[in-house]
Amino acid sequence: MSQDTFTEFSEESWFSRIKNSLVGILFGLVLIPICTIALFWNEGRAVRTASALGEAQKLAVSVAADPVNPANEGKVVHLTGQVVTDQTLADPEFGVMAKALKLKRNTEMYQWVESSSETSSKNLGGSTTKEKTYTYKKEWRSELVDSSKFRQQQDHVNPTSMRYPGRETVASPVNLGAFALSSSLLGKVQSYAPLPLPAADSLPGAIKGQAKPAGGFLYFGARPDSPIVGDQRVAFQVVTPCTVSLVSKQVGKSFEPFVSKNGNKVEMLVPGEHGAVEMFQQAKKDNSLLTWILRGICIVFMWIGFLLIFKPIQVLADIIPFLGNLVGFGTALLALAFALPLSFITIAVAWIWYRPLLGIALLAVAGGVVYWVIKNRKGNLATTPLASP
């Protein structure tokens, strides 16, 4: 892998840093309410999703994939079976054919890729010296990398197009027993597997002699062991008939998402044989995991918002770098001391709003614990003997 670097230095005065930190306060004042709203929304999303899953689970009935039972029309159904198709998919440009649900052409181009890293050092008087290093590497990428946006464009120029772009072909119709799989459910079938490459002598005349089999790819370039910028490699993947389990609403001989009373849509498809209870349990776990991830992201960004508000204090102290570092550590803790309670209060209020009985019960329990701690602490203080003089 080839790479090179380019480094540039810049200096920012103390007055400029003060000005920028004051502007940062505005961003902080915007970021904090956005995070507060996002936290509140996330709790509502979690409740609505859980409610929709619970509603769908109560209504779900397990049915056979064949035949279609008209009595289940409009019901939430769970079924397991093999997804199949009679269609043969083709990539005529390469002469590739396969009886499959999906046929994907994966193509990569050898290109320059830019990354950067920055270090900053404080100077006596409050100014900072920044060192920014740009690193350029040659890598295989499936998407075009726009080299016109590189900091140093000279000697790092990428092609502006791919001769053989990636593409995907999807079969239609695709069946699960007597049912036709909807496009939304088919989109969830992602069990791709490599497709053997066509023989070099069977390739269409337009590319025969240009492509070289190498490492599971058809290679377009002079030397597969020593690629240059602009070389391409192509491989193929397919989704073949496979067993899946799904939950959706039966509509005629196909499916569509179930819409719960709160407007949320429920539709699931997973590979393999899985019971309805198992699928709903996993969906609820996924909902809980997503809720915690979004909570964490919002709390971090709220902390950043408070950091921006307190930033001018640190910059003022940076006239003496050592003092600025101490103040910076203190403001980081102060920002956390503001961000965590506000985040937890927002979540608590959201719980009361979306789940009033549970929210009030939790507050009552928390209040009882606090009362018990305070009462026992006072009791301990009252019974503690005074030291003899």
Side-chain angles (χ1 to χ4, degrees), residues 1-32 34-35 107-162 221-223 226-233 297 300-336 339:
M1 181 180 291
S2 176
Q3 71 176 67
D4 58 60
T5 60
F6 165 69
T7 303
E8 61 181 9
F9 298 88
S10 61
E11 186 168 329
E12 186 178 14
S13 69
W14 182 71
F15 291 104
S16 178
R17 293 184 64 210
I18 287 290
K19 182 182 69 175
N20 291 336
S21 67
L22 292 175
V23 173
I25 292 177
L26 300 178
F27 287 100
L29 291 174
V30 172
L31 189 58
I32 291 169
I34 289 177
C35 291
T107 183
E108 297 177 324
M109 178 182 284
Y110 203 57
Q111 303 174 77
W112 283 108
V113 178
E114 179 188 73
S115 60
S116 64
S117 61
E118 184 176 282
T119 59
S120 178
S121 59
K122 298 177 182 179
N123 308 315
L124 188 64
S127 65
T128 59
T129 299
K130 295 181 180 180
E131 177 182 343
K132 191 166 188 178
T133 300
Y134 298 87
T135 301
Y136 299 90
K137 298 180 181 179
K138 295 176 184 177
E139 298 178 358
W140 289 103
R141 289 295 182 95
S142 58
E143 301 292 337
L144 286 170
V145 178
D146 186 1
S147 58
S148 67
K149 297 180 181 179
F150 289 173
R151 184 66 182 86
Q152 189 178 55
Q153 299 176 27
Q154 185 177 1
D155 299 326
H156 305 112
V157 179
N158 290 327
T160 57
S161 63
M162 287 191 183
R223 295 181 56 186
S226 183
I228 63 173
V229 171
D231 286 359
Q232 280 191 255
R233 60 186 188 184
I297 292 173
V300 168
F301 276 95
M302 185 174 290
W303 175 62
I304 293 173
F306 280 109
L307 276 178
L308 290 172
I309 291 176
F310 298 141
K311 185 68 174 179
I313 302 174
Q314 178 191 344
V315 177
L316 285 170
D318 273 341
I319 293 180
I320 303 175
F322 175 73
L323 180 60
N325 292 336
L326 289 177
V327 173
F329 179 75
T331 55
L333 292 179
L334 184 61
L336 189 62

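For the atom pair K311 NZ and L22 CG, the distance stands at 12.5 Å (nearest 0.5 Å). The structure places CG of L308 at 9.0 Å from CZ of F27, a figure rounded to the nearest 0.5 Å. From Q232, atom CD reaches atom OH of Y110 across 14.5 Å, with rounding to the nearest 0.5 Å. Considering CG of D4 and CG of D155, their distance stands at 8.0 Å, rounded to 0.5 Å. In this structure, M109 CE and M162 CE are separated by 5.0 Å, a value rounded to the nearest 0.5 Å. Atom-to-atom distance recorded for K137:NZ and T5:OG1 is 11.0 Å, nearest 0.5 angstrom.
Side chain to side chain, N325 and K122 meet the donor-acceptor criterion of an N or O pair below 3.5 Å. N123 and T128 form no side-chain donor-acceptor contact under 3.5 Å, judged by distance and modelled atom types alone. Of the N and O atoms on the side chains of E12 and N20, at least one donor lies less than 3.5 Å from an acceptor on the other residue. Residues T133 and T7 have side chains that bring a donor and an acceptor to within less than 3.5 angstrom of each other.
The side-chain heavy atoms of S116 and K132, taken from C-beta on, include a pair separated by under 4.5 Å. In this structure the side chain of F301 never reaches within 4.5 angstrom of the side chain of I34, judged on heavy atoms. Contact annotation: the side chain of F6 approaches that of R151 to within less than 4.5 Å [non-hydrogen atoms, C-beta and beyond].
Evaluation of the side chain to side chain contact (heavy atoms under 4.5 Å, CB included) rule for L29 yields I25, I309 as partners, not counting sequence neighbours.
For E8 (side chain) and E131 (main-chain N/O), no donor-acceptor pair under 3.5 Å exists by modelled atom type. In this structure, the side chain of S16 does not engage the main chain of S13 through any donor-acceptor pair within 3.5 Å. Counting only distance, with no hydrogens or angles, the side chain of S21 and the backbone of R17 share a donor-acceptor pair below 3.5 Å.
Enclosure of atom CD in E118 by more than 12 non-hydrogen atoms of other residues, nucleotides or ligands within 6.0 angstrom is indicated.
Nearest heavy-atom pair across I320 and L124 is CA-CD1, 4.4 Å. The two residues W303 and L336 make their nearest non-hydrogen contact at CD1-N, 3.3 Å. The two residues A332 and L307 have their closest heavy-atom pair at CA-CD2, 3.6 Å.
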Taking only distance into account, with no hydrogens and no angle test, what donor-acceptor pairs under 3.5 Å do side-chain atoms of residues 140-150 form with protein atoms, sequence neighbours excluded?
residue : atom : partner : partner atom : Å
R141    : NE   : E139    : OE1          : 3.2
R141    : NH2  : E139    : OE1          : 3.1
D146    : OD1  : S148    : N            : 3.0
D146    : OD1  : S148    : OG           : 2.5
D146    : OD2  : S148    : OG           : 3.2
S147    : OG   : N158    : N            : 3.0

May I have the step-by-step check of side-chain contact (heavy atoms from CB on, under 4.5 Å) for I32 and F306, ending in yes or no? CA-CA 7 Å; I32 291 169; F306 280 109; 3.7 Å; yes

Assess the residue pair K138 and V229 against the criterion (side-chain contact (heavy atoms from CB on, under 4.5 Å)); give the C-alpha distance rounded to whole Å, side-chain angles, the decisive distance to 0.1 Å, and a yes or no. CA-CA 7 Å; K138 295 176 184 177; V229 171; 4.1 Å; yes

Could you go through Y134 and E114, starting from their C-alpha distance and side-chain angles, then the distance that decides it, and tell me whether this counts as side chain to side chain donor-acceptor pair (under 3.5 Å)? CA-CA 7 Å; Y134 298 87; E114 179 188 73; over 6 Å; no

